K.L.:
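What follows is a structure written as structure tokens; I'll ask about it next.
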Amino acid sequence: MGERSVPGAPPPESTPTDHDDGPAPPAPESDAVLARRAQLLATEHWGLLAARSTAQNEVLTRITIFLTLVSAGLVTIGLLGQASGFRGWFGGASVAILAFLALIGFMTQFRVMNVSEEDMMYVVAMNRIRGAYADLDPHVEDIFLASVYDDQPGMKQTYSFLRPRSISIFLGSSVMLLIVVNACVAGLLVGAAVISAGGAFEWATSAGVLAGLLFAIGFVIFGGVGFRWSWNHYLPRRTTPSAPPAGTR
């Protein structure tokens with residue numbers, strides 16, 4: 001005879017069965033929700049591209065202005081030297097011109113390095129959005145050449161699709177170009193100051209070379225420290241998996 005329910009008694013607790021596998025999986029999202037999410041991601045992606053392009057154009061203009069000033073400044077020093085016979089007031093005038101070029105170069109160097117960091121920031125942000133695209137449609141992940149991982153290896157892959165980044169990337173960069181030019185300007189400034197103060201040409205040359213080397217080494221170290229600090233304080237959303245052995249690819 002079956003059990004009869006007692007009025008007012010709580011319903012019997014269900015006994016777990018072998019078919020209970022924990023909480024039910026989340027319900028699939030509708031196509032409208034996924035389409036709205038893809039549109040928001042695409043809008044943000046295009047905003048990052050526009051900001052990156054604006055920063056690059058601005059810094060290229062700054063570099064062009066600085067190099068034009070350096071060229072005009074050196075030509076001016078040459079003309080003043082011919083007019084003064086490289087005597088008298090020529091030393092003070094050349095130091096003033098070189099000091100102005102060194103100041104503009106110092107400011108431009110910082111701006112170029114800041115834009116380089118901003119460019120890396122935009123690339124990492126777009127990698128994260130690309131990863132969200134892959135979450136929406138996993139089939140597109142194999143199509144992207146740029147990385148869907150927003151960590152340091154993913155950033156390097158996006159900057160260089162077909163081969164690993166090497167020292168040639170740094171040597172051929174705008175940052176390195178400005179470091180070399182600014183180091184030369186700093187060296188000329190120190191050498192001109194020594195000559196104007198009555199120092200020997202040999203001392204001026206040595207002091208100029210030393211100043212240029214210190215300037216270049218200092219900015220290289222400064223850039224490296226800033227790069228490491230950025231990655232040490234950043235938490236990626238998706239990390240690049242370790243590469244499988246060649247025979248299992």
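As the structure is a prediction and not an experimental result, all values here were calculated from the model.
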K.L.:
Taking the side chain as C-beta and beyond, is there a heavy-atom pair between Ile97 and Leu80 under 4.5 Å?
P.N.:
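Yes; the side chains approach each other to less than 4.5 Å.
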K.L.:
Could you grab the distance from atom CE of Met155 to atom CE of Met121, nearest 0.5 Å is fine?
P.N.:
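Reported to 0.5 Å precision, the distance equals 13.0 Å.
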K.L.:
Return the minimal non-hydrogen interatomic distance between Ala192 and Leu98, and the atom names on each side.
P.N.:
CB-CD1, 3.8 Å
K.L.:
Between Phe100 and Val95, is there a side-chain heavy-atom distance shorter than 4.5 Å?
P.N.:
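The answer is no, as the side chains (C-beta and beyond) never meet within the 4.5 Å cut-off.
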K.L.:
Quick check on the hydrophobic clustering: are Leu41 and Leu49 connected, directly or via other members, by side-chain heavy-atom contacts under 4.5 Å?
P.N.:
yes
K.L.:
Do Tyr234 and Asp150 have side-chain atoms, one donor and one acceptor, less than 3.5 Å apart?
P.N.:
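Asp150 and Tyr234 do have a side-chain donor-acceptor pair below 3.5 Å.
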K.L.:
Going by heavy atoms in the side chains, are Arg165 and Gln157 under 4.5 Å from each other?
P.N.:
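Arg165 does not reach Gln157 side chain to side chain.
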K.L.:
Just one of Arg237, Arg130, Arg37, Arg128 clears the salt bridge (Lys or Arg N to Asp or Glu O under 4.0 Å) bar with Asp135, so which one?
P.N.:
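Per the salt bridge (Lys or Arg N to Asp or Glu O under 4.0 Å) rule, the option paired with Asp135 is Arg237, out of Arg237, Arg130, Arg37, Arg128.
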K.L.:
Kindly indicate whether the side chain of Phe215, heavy atoms from C-beta on, has any atom under 4.5 Å from the side chain of Val185.
P.N.:
no
K.L.:
Quick one: OH on Tyr133 to NE2 on His45, what's the gap to the nearest 0.5 Å?
P.N.:
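The NE2 atom of His45 is 5.5 Å from OH of Tyr133, to the nearest 0.5 Å.
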K.L.:
Could you tell me whether Phe161 and Phe144 have their ring centroids closer than 6.0 angstrom?
P.N.:
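No, the ring centres sit 6.0 Å or more apart.
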K.L.:
Is a side-chain N or O of Asp119 found less than 3.5 angstrom from the main chain of Val115, in a donor-acceptor match?
P.N.:
no
K.L.:
Hey, is CH2 on Trp89 packed in by over 12 heavy atoms from elsewhere, all under 6.0 Å?
P.N.:
yes
K.L.:
Angle between ring planes, His233 versus Trp229, binned at 30° and 60°: parallel, tilted or perpendicular?
P.N.:
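Rings of His233 and Trp229: parallel, as their planes differ by under 30°.
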K.L.:
Look at atom CZ of Phe222 and say whether more than 12 heavy atoms of other residues, nucleotides or ligands are closer to it than 6.0 Å.
P.N.:
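Incorrect, the count does not exceed 12.
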K.L.:
State, yes or no, whether a side-chain contact exists between Leu40 and Glu44 at a heavy-atom distance under 4.5 Å.
P.N.:
no
K.L.:
Nearest 0.5 Å, please: how far is CG in Leu101 from CG in Leu188?
P.N.:
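Spacing of CG (Leu188) from CG (Leu101) equals 9.5 Å.
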K.L.:
Checking Asp151 against Thr239 for the side chain to side chain donor-acceptor pair (under 3.5 Å) test, could you report, in this order, the C-alpha distance in whole Å, the side-chain angles of both residues, the deciding distance, and whether it holds?
P.N.:
CA-CA 6 Å; Asp151 57 355; Thr239 56; 5.0 Å; no
K.L.:
Do Val180 and Phe106 belong to the same hydrophobic cluster, where Ile, Leu, Val, Met, Phe, Trp and Tyr are linked whenever their side-chain heavy atoms lie under 4.5 Å apart, directly or via other members?
P.N.:
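Yes, same cluster.
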K.L.:
Can you name the closest pair of heavy atoms from Gly208 and Val190 and give their distance?
P.N.:
N-CG1, 4.2 Å
K.L.:
Are Phe66 and Leu177 linked, directly or through intermediate hydrophobic residues, by side-chain heavy-atom contacts shorter than 4.5 Å (ILVMFWY only)?
P.N.:
yes
K.L.:
Using every non-hydrogen atom in the two residues, find where Val175 and Gln109 come nearest and quote the distance to one decimal.
P.N.:
O-NE2, 3.5 Å
K.L.:
CZ/Phe219 to CG/Asn182 distance, rounded to the nearest 0.5 angstrom?
P.N.:
7.0 Å
K.L.:
At what distance, to the nearest 0.5 angstrom, does CZ of Arg62 lie from OG of Ser174?
P.N.:
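These two atoms lie 13.5 Å from each other.
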K.L.:
Is it the case that over 12 heavy atoms from other parts of the model lie below 6.0 angstrom from the CH2 atom of Trp231?
P.N.:
yes
K.L.:
For the residue pair Glu118 and Arg52, establish whether any side-chain heavy-atom pair is separated by less than 4.5 Å.
P.N.:
no
K.L.:
Transitively linked via ILVMFWY side-chain contacts under 4.5 Å: Phe227 with Leu235?
P.N.:
no
K.L.:
Can you tell me if Asn127 and Thr158 form a side-chain donor-acceptor pair at under 3.5 Å?
P.N.:
yes
K.L.:
Could you report the tightest heavy-atom contact between Ala200 and Val194, atom names first, then the distance?
P.N.:
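Answer, listing the atom of Ala200 first, then Val194: O-CG1, 4.3 Å.
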K.L.:
If you round to the nearest 0.5 Å, how far is CG of Leu145 from CG of Leu162?
P.N.:
7.0 Å
K.L.:
Do Met120 and Val112 share a hydrophobic cluster, counting only Ile, Leu, Val, Met, Phe, Trp and Tyr and linking them when any side-chain heavy atoms are less than 4.5 Å apart?
P.N.:
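Unlinked, Met120 and Val112 end up in two clusters.
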K.L.:
Heavy atoms only: give me the nearest Phe170-Met176 pair and the separation to one decimal.
P.N.:
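For Phe170 versus Met176, the nearest heavy atoms are O-CB, 3.2 Å.
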K.L.:
Determine whether Pro236 and Tyr149 make a side-chain contact, defined as any pair of heavy atoms from C-beta on separated by less than 4.5 Å.
P.N.:
no
K.L.:
Kindly indicate whether the side chain of Lys156, heavy atoms from C-beta on, has any atom under 4.5 Å from the side chain of Pro164.
P.N.:
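Side chain of Lys156 against side chain of Pro164, heavy atoms only: no contact under 4.5 Å found.
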K.L.:
What is the minimum heavy-atom distance between Thr64 and Thr68, and which atoms define it?
P.N.:
O-OG1, 2.7 Å
